[in-house]
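Computed over heavy atoms, backbone and side chain alike; hydrogens, waters and symmetry mates excluded. Predicted model only: the values in this text are computed from it and were never measured. Letters A, B, ... mirror the listed sequences (proteins, then strands); counts begin at 1.
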Number of protein chains: 2
Amino acid sequence: MNLKDLADLLGLSPTTVSRALNGFPEVAEATRKRVEEAAQLHHYRPNTQAKRLATGRAMAIGHVIPLCSQHEIVNPVFADFIAGAGEVYAREGYDMVLISVPVEDHAQAYRELRAKRNVDGVIVHAPRAGDGRIALLHELGLPFVVHGRASGVDLPYAYVDVNNARAFERATNFLLDLGHRRIALLNGVEGMDFALRRQRGFARAFAARGLEPDPSLMIAGEMTEAQGHDAACDMLRRADPPTAFITASLLSAVGVRRGLWELGLRMGRDVSILTHDDELGYFRNGAEEPIFTATRASVREAGRRCASLLLDMIATPDMATDMAPATQLMEAVLVLGASTGPAPDRSVPPMTTAQGLPL
Amino acid sequence: MNLKDLADLLGLSPTTVSRALNGFPEVAEATRKRVEEAAQLHHYRPNTQAKRLATGRAMAIGHVIPLCSQHEIVNPVFADFIAGAGEVYAREGYDMVLISVPVEDHAQAYRELRAKRNVDGVIVHAPRAGDGRIALLHELGLPFVVHGRASGVDLPYAYVDVNNARAFERATNFLLDLGHRRIALLNGVEGMDFALRRQRGFARAFAARGLEPDPSLMIAGEMTEAQGHDAACDMLRRADPPTAFITASLLSAVGVRRGLWELGLRMGRDVSILTHDDELGYFRNGAEEPIFTATRASVREAGRRCASLLLDMIATPDMATDMAPATQLMEAVLVLGASTGPAPDRSVPPMTTAQGLPL
DNA sequence: CGCCGCATTCAAAGCGGTTTGAATTGGATC
DNA sequence: GATCCAATTCAAACCGCTTTGAATGCGGCG
């Protein structure tokens, strides 16, 4: 059942039927009603491909996903983001097209996407400092929104980001206020922009008090449970162990906790843990009451906002050229859990306390 | 730059250019070469929508995802499956279209997908016993592959599944052999086919020895860390606690382990844990050596196989009608970790052992 | 009564490819 | 030299929708 069939059936021209179904004003109300009923009755749906070709709009948004050793899509943070974006697409009648491409072929992938015209816009995931994709997409004229930012890129671009620097500065201050001085930072992969900003916030809090973080307590890597566990075990066995950990993900925090358990240390007493919490659907930080003290910002909400923003940009193409692109900075909230507490005595003035007891 | 432009540029007809680029034999080699070079030079890519309309193939596979309170896509198992399928699609030039729809609207979603013709086939996720989607897709004539099976559906259909019953039967036997009798089963959501089969395997192992599992030790639910933790805490505090847990997911197993730690019990000594392991990219069961004893089957591989199977079906449409649909049953391997050990004495003949010491 | 304007409706031309059936060419055959 | 055939190439139709510009019908007005 296609448009022509339906038109023949109704004794109307395809033009009129098309207009009736698409809400054009020049169709008589009686006709529109008749057409709509017939369409309903015969389960008529316009052919997507034909519609797309005729209108020149793909009605689809592309997500190009790094296909590295550690496929990005299996990253739960990514999955939650996609879930949020998907809600918006579904509501607006857009399709979400996921494309896994080795990270070195991304430029080519974007070019093809553009030339083949099978998406109306793309979301840029996991930007790095100085990320080249932004310039490329500018050049291609393909509408895009970046999830995060790219330090060092001075082109204007639309983005939705969490104020990572501020979140981690506050987190660090919170621990410094509790008397912690040896604070470990388990960060995301080096070069990722969000990791960079978090590190900056971390360092800024120290600097504001004339202190300096210990570089040997700062590591970067994939934010997995294993990362947290291994780092915790390693660092806590050192002569001068940290009294607190800041982790970039709940998964890492859980790993640190496992490390503590194995070493017989109590979380929140002997060692504090403060984590960033993306509010993942499948890995929550407790139910009502948080388990871990955390900087909290919903990545799913970020997904929703990125998608909305992009669809807005697509709907009003002139906006893109006229004014500066829209940007959104989400503030993380600091929620208190049971994983943090005052620094244990031994660490206040290191090597000065009388009782040199092991924990 | 479209086909016509390119043809004009070359002084050829669109017909010849199209054929040259699509590898038809009736084009002179010299011409083909000339055309290919020009296409390369001018970055010509055929317009996706036009191609799809002309060929009647959408070159896209749909994944309709339940959008419940717990959005399925954020389930890491699902994400890994998608990653595997995505590899295959990328290789074959197919797009992957993710569509989030409230579970009660799935039927409508499939109908629309079919009528609008924007996918060539679909993957059915998370089948339930007696799942109605299979009959619907049959009726719609939309090619599909089920990830898993649907007990009680007697229509033929293509599927890729893990032999869940056998895997869990072996797992249960393994624990029974170690002397465990009070074994808890932390299963997936009730009604899910895979959960049903796992329960059947579990029960079968007991039955084969003339034993019966305790229903109060069998729970069903979302397979999260919290599920495992809460169930473990609850059950282990009872008068007659289990000596071993079988969990349907690594996440649940990790939750059980947390419960053990909190109660001061040693994993593999006081209480054994055996889990199913989907080999998730972001949540691994140890590195070289497994932490948990587990029935292991890669869900990512299942994704690859589902995708391949579906693309095969689409490539040879007659196959679908002629013979029985292809099916694949993957066997899980049982890998040994440090989370299992002999049942502690107290449980061999319950209430008979002399020393009634608390653990 | 003729003309105008408004409300509807329609025929036809795209959108950018693929595919059918016919036309052209050049060399081999008789 | 005419005929035939295989190898190439092309014009035109088609996929199913949107959209432009023109046509139609009809009541109101001068």
Side-chain angles (χ1 to χ4, degrees), chain A residues 1-36 38-39 42-60 93 95 112-120 315 317, chain B residues 1-36 38-39 42-60 93 95 112-120 315 317:
Chain A
M1 172 64 57
N2 58 22
L3 186 64
K4 189 165 174 311
D5 294 343
L6 188 63
D8 289 352
L9 216 77
L10 284 160
L12 289 169
S13 74
T15 309
T16 305
V17 176
S18 169
R19 290 189 159 151
L21 294 173
N22 288 312
F24 281 67
E26 61 264 54
V27 177
E29 262 327 300
T31 310
R32 186 192 308 281
K33 192 147 199 168
R34 205 158 63 86
V35 171
E36 274 170 354
H42 296 91
H43 303 110
Y44 168 74
R45 302 279 159 190
N47 178 303
T48 310
Q49 322 304 342
K51 190 164 193 159
R52 289 176 176 180
L53 176 58
T55 59
R57 311 204 306 145
M59 292 305 285
D95 281 349
E112 296 226 341
L113 232 40
R114 165 72 215 198
K116 290 165 44 180
R117 300 194 173 283
N118 55 355
V119 299
D120 293 323
Chain B
M1 172 63 57
N2 57 22
L3 186 65
K4 190 166 174 307
D5 294 344
L6 189 63
D8 289 352
L9 216 78
L10 285 160
L12 289 169
S13 73
T15 309
T16 305
V17 177
S18 170
R19 290 189 158 152
L21 294 174
N22 289 311
F24 281 66
E26 61 265 55
V27 177
E29 262 326 301
T31 310
R32 185 192 309 281
K33 192 148 200 167
R34 207 157 63 87
V35 171
E36 274 169 353
H42 296 90
H43 303 108
Y44 168 75
R45 301 281 158 188
N47 178 303
T48 311
Q49 322 304 343
K51 190 163 193 159
R52 289 176 176 180
L53 176 57
T55 58
R57 311 205 305 143
M59 293 303 285
D95 281 349
E112 295 227 342
L113 233 39
R114 167 69 215 199
K116 289 165 47 180
R117 305 205 121 80
N118 54 356
V119 300
D120 294 323

Could you tell me the separation between the [atom1] atom of [X] and the [atom2] atom of [N], rounded to a whole number of Å?
{"X": "Lys4(B)", "N": "dG16(C)", "atom1": "NZ", "atom2": "C1'", "result": "11 Å"}
{"X": "Leu6(A)", "N": "dC10(C)", "atom1": "CG", "atom2": "P", "result": "13 Å"}
{"X": "Gln49(B)", "N": "dT18(C)", "atom1": "CD", "atom2": "P", "result": "13 Å"}
{"X": "Glu26(A)", "N": "dC6(C)", "atom1": "CD", "atom2": "C1'", "result": "13 Å"}
{"X": "Asn118(A)", "N": "dG16(C)", "atom1": "CG", "atom2": "C1'", "result": "14 Å"}
{"X": "Leu53(A)", "N": "dA13(C)", "atom1": "CG", "atom2": "C1'", "result": "13 Å"}
{"X": "Tyr44(A)", "N": "dG16(D)", "atom1": "OH", "atom2": "P", "result": "10 Å"}
{"X": "Arg52(B)", "N": "dG17(C)", "atom1": "CZ", "atom2": "P", "result": "14 Å"}

Give one of base, sugar-phosphate or nothing for Thr15(B), where a contact means two heavy atoms less than 4.0 Å apart.
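Base, at least one base heavy atom under 4.0 Å.
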
Do the side-chain N or O atoms of Ser18(B) get closer than 4.0 angstrom to the phosphate oxygens (OP1, OP2) of dT18(C)?
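For dT18(C), OP1/OP2 do have a side-chain N/O of Ser18(B) under 4.0 Å.
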
For a quick test of reading the model: is some side-chain N or O of Asn22(A) closer than 4.0 Å to OP1 or OP2 of dT18(D)?
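So the side chain of Asn22(A) is within the cut-off, an N or O lying under 4.0 Å from OP1 or OP2 of dT18(D).
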
Closest nucleotide among dA11(C), dT18(D), dG16(C) to the Ala54(B) side chain:
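Side chain of Ala54(B) sits closest to dG16(C).
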
Side chain of Thr16(A) (C-beta onward), nearest among dT9(C), dT19(C), dT18(D)
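Nearest to the side chain of Thr16(A) among the choices is dT9(C).
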
Residues Lys33(B), Glu36(B): salt bridge by 4.0 Å N-O rule:
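Looking at Glu36(B) together with Lys33(B), the answer is no, because their closest N to O distance does not fall below 4.0 Å.
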
Before accepting this row, confirm whether a basic side-chain N of the pair Arg52(A)/Asp95(A) lies closer than 4.0 Å to the acidic partner's carboxylate O.
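Salt bridge: yes.
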
Would Asn118(A) and Met59(B) count as a side chain to side chain contact (heavy atoms under 4.5 Å, CB included) here? Give the steps.
CA-CA 11 Å; Asn118(A) 55 355; Met59(B) 293 303 285; over 6 Å; no

If you find the nucleotide of DNA chain C closest to Pro14(A) and the one closest to Pro25(A), which residue's nucleotide is nearer the 5' end?
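Residue closer to the 5' terminus by nearest nucleotide: Pro25(A).
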
Any Val17(A) side-chain heavy atom under 4.5 Å of Tyr44(A) side chain:
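Val17(A) vs Tyr44(A): side chains apart.
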
